Amino acid sequence: MSRDDITPKRLDELMDGDCPTSQAERDMMQLAADLRAGAPQPSDALRSRIASLGEPVGDTRRIRRPRRFALAPVLGGAVIVLAGAGILFNSLNSSQSTSPSAGRDAATSTVESSDPFQTKVAPTAADNARETAPTAAPDRSSIVPNATAGASSPGPSRWNVPSSAGTSLIDDLRAAARRHGTKIAVAVLDAASTQIDIALPRTGTDALIADITDTLRAHDATATTGPIQIASDQATLQIMLTMTTRTP
Amino acid sequence: MGAVHRYLTQLVRDSHLAEDLTAQTFERAFVNWGQFNPDKGSVLTWLITIGRHIALDHLRSDARRRGRESHVAAQTPMAVEPPEISTMSPQMVTALGHLSDVEREVVALRVLLDVDGATAAALIGITPTACSTHLHRAMTKLRKDLGRES
């Protein structure tokens, strides 16, 4: 590199306004000045043509603002949908968390189908969670419909059933449900445990529960969790039957 | 307006065409004024961007047209007019003609329009380092062609 060479970086500095410090730099700046001086100027025709355009169309601020917030309604809608889904999921989750079947999800998942109200035979997985379920229901009449209106769904109603009741109890429960325009789903959890889900109708719930209770008692079943309770917004009544060998 | 015109003149190397492109640039800018975002750059940078797109579109379509007419041109030789670079000396015009397109564009942006290096690089679509290199190479070529070497 000779003494008058200018590096690219130094040339950038000169173009950005730095003062030349050598003859080579001064020559370079003179060349730049000559280039600027010889640059063409727009003709009068071009000036008048552009001047005839008038004022720019639109306002940058007014138009830019909606662009910046264009996604706000979409994002807001998405937040609402997600919040709704979260509430729904939480509601479903809370109703299931009070059920002893929560600890049995893995065991019963194989029997779930698109029509849950069909008799299903589950694997004989142990149901230890069921045995430790809370039994805090008050000991009063077993027919207390809508007793916990507005609250989360109560737990399943647990009944001890003589093993001699067998399938006749299931048939009678199914017939009782059919009389009230609904149906039941039966899941045999193991040799001693059967879960029955009854779809609650919109009306006539009291009569249905009374009928179910009478049917259970007709087969010498005894409630271990007190009377059947349902919440006003409850859609399914869950009954857990435990087969016992002792005579009631 | 003058800056856009100077830039486009160097880009297309035709003063008449540069005037048309400059007018088109301002027409498009006026129509799309609402899209200008001062947070992203100056008005000049925005205008240069529009003008560059218009010029490159024109050059591409012109190249296609020339391709279609190449056989006619071969059969009918026409006198090619030298590019008009306005008031520049013939030596300067010749020297600028020896530059590559990108070198000439860098000179237009950095020297004629005083655009900073980062902005010029962004406008052309090259790195600032490449922009510096092109500028240095272009100015060195011009000094040599014009006999201004020390």
Side-chain angles (χ1 to χ4, degrees), chain A residues 1-70, chain B residues 1-10 15-16 18-20 22-23 25-27 29-39 84-89 92-93 95-96 107-108 110-117 120 128-129 131-140 142-143 146 148-150:
Chain A
M1 184 179 288
S2 62
R3 61 177 176 80
D4 58 351
D5 273 348
I6 302 172
T7 64
K9 182 180 178 183
R10 178 58 185 158
L11 183 57
D12 264 339
E13 293 171 352
L14 290 172
M15 292 301 161
D16 290 336
D18 211 355
C19 292
T21 57
S22 67
Q23 186 59 44
E25 291 179 0
R26 281 189 286 273
D27 290 344
M28 190 66 84
M29 295 309 290
Q30 182 60 47
L31 174 59
D34 291 345
L35 285 168
R36 293 191 190 99
Q41 297 297 318
S43 66
D44 292 339
L46 176 61
R47 292 179 187 278
S48 60
R49 183 176 171 182
I50 292 176
S52 67
L53 294 174
E55 293 298 320
V57 178
D59 178 12
T60 57
R61 291 181 181 177
R62 185 157 44 85
I63 296 177
R64 221 173 59 247
R65 185 170 296 143
R67 285 175 141 260
R68 182 171 294 176
F69 297 102
Chain B
M1 182 201 315
V4 176
H5 180 245
R6 285 195 295 275
Y7 168 75
L8 290 174
T9 300
Q10 292 301 321
S15 62
H16 298 303
E19 291 213 343
D20 281 343
T22 303
T25 300
F26 277 84
E27 287 166 2
F30 274 44
V31 171
N32 298 319
W33 179 244
Q35 296 179 6
F36 169 60
N37 186 350
D39 298 335
E84 301 175 44
I85 307 294
S86 188
T87 58
M88 284 185 180
S89 67
M92 189 78 81
V93 172
L96 285 170
V107 169
R110 293 288 281 129
V111 179
L112 302 186
L113 273 62
D114 280 332
V115 174
D116 64 87
T129 304
C131 186
S132 299
T133 304
H134 285 303
L135 177 63
H136 182 266
R137 194 175 297 156
M139 295 300 279
T140 303
L142 289 174
R143 285 178 64 190
L146 296 173
R148 296 195 184 185
E149 289 176 302
S150 299

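Atom set for the values below is all heavy atoms of this structure, side chains included, hydrogens, waters and symmetry mates excluded. In this text, all values refer to a predicted model and were calculated from it rather than measured experimentally.
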From A:Leu31 atom CG to B:Leu142 atom CG, the distance as rounded to the nearest 0.5 Å: 5.5 Å
Where on B:Asp20 is there a heavy atom nearer than 4.5 Å to chain A: the side chain, the backbone, both, or neither? both
Bottom line for B:Leu146: the part with an atom under 4.5 Å from chain A's heavy atoms is side chain
Heavy-atom proximity to chain B below 4.5 Å, by part of A:Arg36: both
What distance do A:Met15 atom CE and B:Asp116 atom CG have between them, rounded to the nearest 0.5 Å? 13.5 Å
Return the minimal non-hydrogen interatomic distance between A:Ile6 and B:Arg143, and the atom names on each side. CD1-NH1, 4.4 Å
Contact class of B:Met92 relative to chain A, heavy atoms under 4.5 angstrom: side chain
Would you mind checking which part of B:Val115 comes under 4.5 Å of any heavy atom in chain A, side chain (CB onward), backbone (N, CA, C, O), both or neither? neither
Gap between atom OG1 of B:Thr129 and atom NZ of A:Lys9 - 0.5 Å precision: 11.0 Å
Minimal heavy-atom distance between B:Thr22 and A:Ile50, with the atoms involved, is CG2-CD1, 4.1 Å
Measuring heavy-atom distances to chain B, does A:Arg47 have an atom under 4.5 Å in its side chain, in its backbone, in both, or in neither? both
Kindly indicate whether the side chain of A:Leu35, heavy atoms from C-beta on, has any atom under 4.5 Å from the side chain of B:Leu96. yes
Under 4.5 Å heavy-atom distance to chain B, tell me which part of A:Ala33 shows up: side chain, backbone, both or neither. neither
For residues B:His136 and A:Thr7, determine if any side-chain heavy atom of one lies less than 4.5 Å from a side-chain heavy atom of the other. no
Is any side-chain heavy atom of B:Glu27 closer than 4.5 Å to one of A:Arg49? yes
Quick check: closest heavy atoms across B:Ser132 and A:Pro8, and the distance to 0.1 Å? O-CB, 3.9 Å
Exercise: identify the closest heavy-atom pair between B:Arg110 and A:Asp12: NH2-OD1, 2.8 Å
